[in-house]
Every structure is written in C-alpha cells, then in structure tokens.
Amino acid sequence: QVQLVESGGGLVQAGGSLKLSCAASRSILSINAMGWYRQAPGKQRELVATITPGGRTNYADFVKGRFTISRDNGKNWVYLQMNSLKPEDTAVYYCNADILTTGAIRYAPYWGQGTQVTVSS
C-alpha cells in the first residue's frame with residue numbers, strides 16, 4: 001500500500017518560513033505529477049502547487065513568489081518551501097501524487113495525512 005508521509009508543519013510568525021516535505025513509499029513503479037494542496041477550516045481543499053517529473057511547476061496565484069515546490073525523483077520526495085508566510089496561509093497542507101503501483105495498469109492519485117501549518121499575526 002502506497003504511503004505519503006508529510007513533515008515540517010508547525011507554528012510560525014507572519015513573515016517567517018517553513019519547509020514541508022513528503023515522502024512516497026511502498027509498491028511504487030513510477031510517479032507522475034506531485035503536488036501540495038491545503039484546506040483551511042470551513043473551506044474547500046485548494047491547489048497550492050504542482051510539479052511534473054521534468055520539473056515543470058504550477059502555482060496558485062496566492063503563493064506565487066513566496067512558495068517554491070521541488071522534488072527528488074530518485075527518492076520520491078516532494079518539498080514545499082514557504083517564505084513570507086501570512087496568517088491566511090494557515091491550513092492543513094496535504095501532499096498528493098499520481099502513482100503507478102506494482103500490479104496496476106494506470107496511475108492513481110494518492111494523498112498524505114496532512115500536516116498543520118499555523119501562521120500567527
């Protein structure tokens with residue numbers, strides 16, 4: 001069973017930085033796109049950033065210039081460097097990846113359990 005395990009969340013003051021990490025493991029043949037989403041209390045889950053195996057990135061407008069997504073294809077890790085954090089960035093951040101597993105015939109989306117990011121004003 002595929003596992004996506006996030007780490008790096010926590011409490012930070014506005015203007016500060018955090019780096020999230022996500023490790024994908026178990027039964028993985030190949031990973032296509034990887035990304036980060038977030039969900040604030042009372043709101044729907046929203047896209048933060050995605051990255052292809054070739055390194056092409058896509059960002060939500062509200063994080064452009066502040067957040068940077070990267071990945072290590074050899075280790076199946078994806079990262080999210082978050083700078084200039086704002087209180088409105090407070091949310092649970094989820095790792096997502098499209099993964100082809102052993103025995104499967106197509107890629108499927110998998111999610112991590114989420115990591116809390118809280119930005120105080």
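- Using a 4.5 Å heavy-atom cutoff, the side chains of Gln116 and Thr90 are in contact.
- The side-chain contact (heavy atoms from CB on, under 4.5 Å) with Phe67 is formed by just one residue from the set Thr57, Leu80, Leu20; it is Leu80.
- Nearest approach of Pro87 to Ala14, heavy atoms of both residues: CD-CB, 4.1 Å.
- For residues 82-106, no pair satisfies ring pair (Phe, Tyr, Trp, His ring centres under 6.0 Å), with sequence neighbours left out.
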Could you please spell out the steps behind the side chain to side chain contact (heavy atoms under 4.5 Å, CB included) verdict for Met82 and Val117?
CA-CA 10 Å; Met82 304 185 294; Val117 172; 3.9 Å; yes
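- The heavy-atom pair separating Asp89 from Ser84 by the smallest distance is OD2-O, 4.4 Å.
- Here the CG atom belonging to Asn83 is positioned 10.5 Å from the NZ atom belonging to Lys19, to the nearest 0.5 angstrom.
- Once rounded to the nearest 0.5 Å, the distance linking OG1 of Thr101 with CD1 of Ile28 reads 9.0 Å.
- In this structure, CD on Gln81 lies 9.5 Å from OG on Ser21, to the nearest 0.5 angstrom.
- The hydrophobic clustering, which links ILVMFWY residues whose side-chain heavy atoms are closer than 4.5 Å, places Ile31 and Val2 together.
- Interatomic distance, OG1 of Thr50 versus CZ of Arg71, reported as 10.0 Å (0.5 Å rounding).
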Applying side chain to side chain contact (heavy atoms under 4.5 Å, CB included) to Asn58 and Leu47, what does each step give before you reach the verdict?
CA-CA 9 Å; Asn58 178 55; Leu47 170 72; 3.6 Å; yes
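- In this structure, the separation between CD on Gln1 and OH on Tyr110 is 6.0 Å, given to the nearest 0.5 Å.
- Residues that satisfy the salt bridge (Lys or Arg N to Asp or Glu O under 4.0 Å) test with Lys64, not counting sequence neighbours, are Asp61.
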Test side chain to side chain contact (heavy atoms under 4.5 Å, CB included) on Ile69 and Met34 and set out the steps.
CA-CA 9 Å; Ile69 189 171; Met34 303 184 82; 5.8 Å; no
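- Looking at Asn73, its side chain does come within 3.5 Å of a backbone N or O of Pro53 through a donor-acceptor pair.
- To the nearest 0.5 Å, atoms CD (Gln13) and CG (Leu85) are separated by 11.5 Å.
- In this view, Glu88 satisfies the salt bridge (Lys or Arg N to Asp or Glu O under 4.0 Å) rule with no residue, not counting sequence neighbours.
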Given Tyr107 and Ser30, is the side chain to side chain donor-acceptor pair (under 3.5 Å) satisfied, shown in steps?
CA-CA 8 Å; Tyr107 287 83; Ser30 177; 2.7 Å; yes
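- Taken together through direct or relayed side-chain contacts under 4.5 Å among Ile, Leu, Val, Met, Phe, Trp and Tyr, Val92 and Tyr37 form part of one hydrophobic cluster.
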Decide side chain to side chain contact (heavy atoms under 4.5 Å, CB included) for Cys95 and Trp36; before the verdict, give the C-alpha distance in whole Å, the side-chain angles of both, and the deciding distance to 0.1 Å.
CA-CA 5 Å; Cys95 173; Trp36 291 93; 4.0 Å; yes
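- The cluster map of Ile, Leu, Val, Met, Phe, Trp and Tyr, joined by side-chain heavy atoms under 4.5 Å apart, puts Val5 and Ile51 in different clusters.
- Formation of a donor-acceptor pair under 3.5 Å by the Glu6 side chain with backbone atoms of Gly114 is found in this model.
- In this structure the side chain of Asn76 never reaches within 4.5 angstrom of the side chain of Ile99, judged on heavy atoms.
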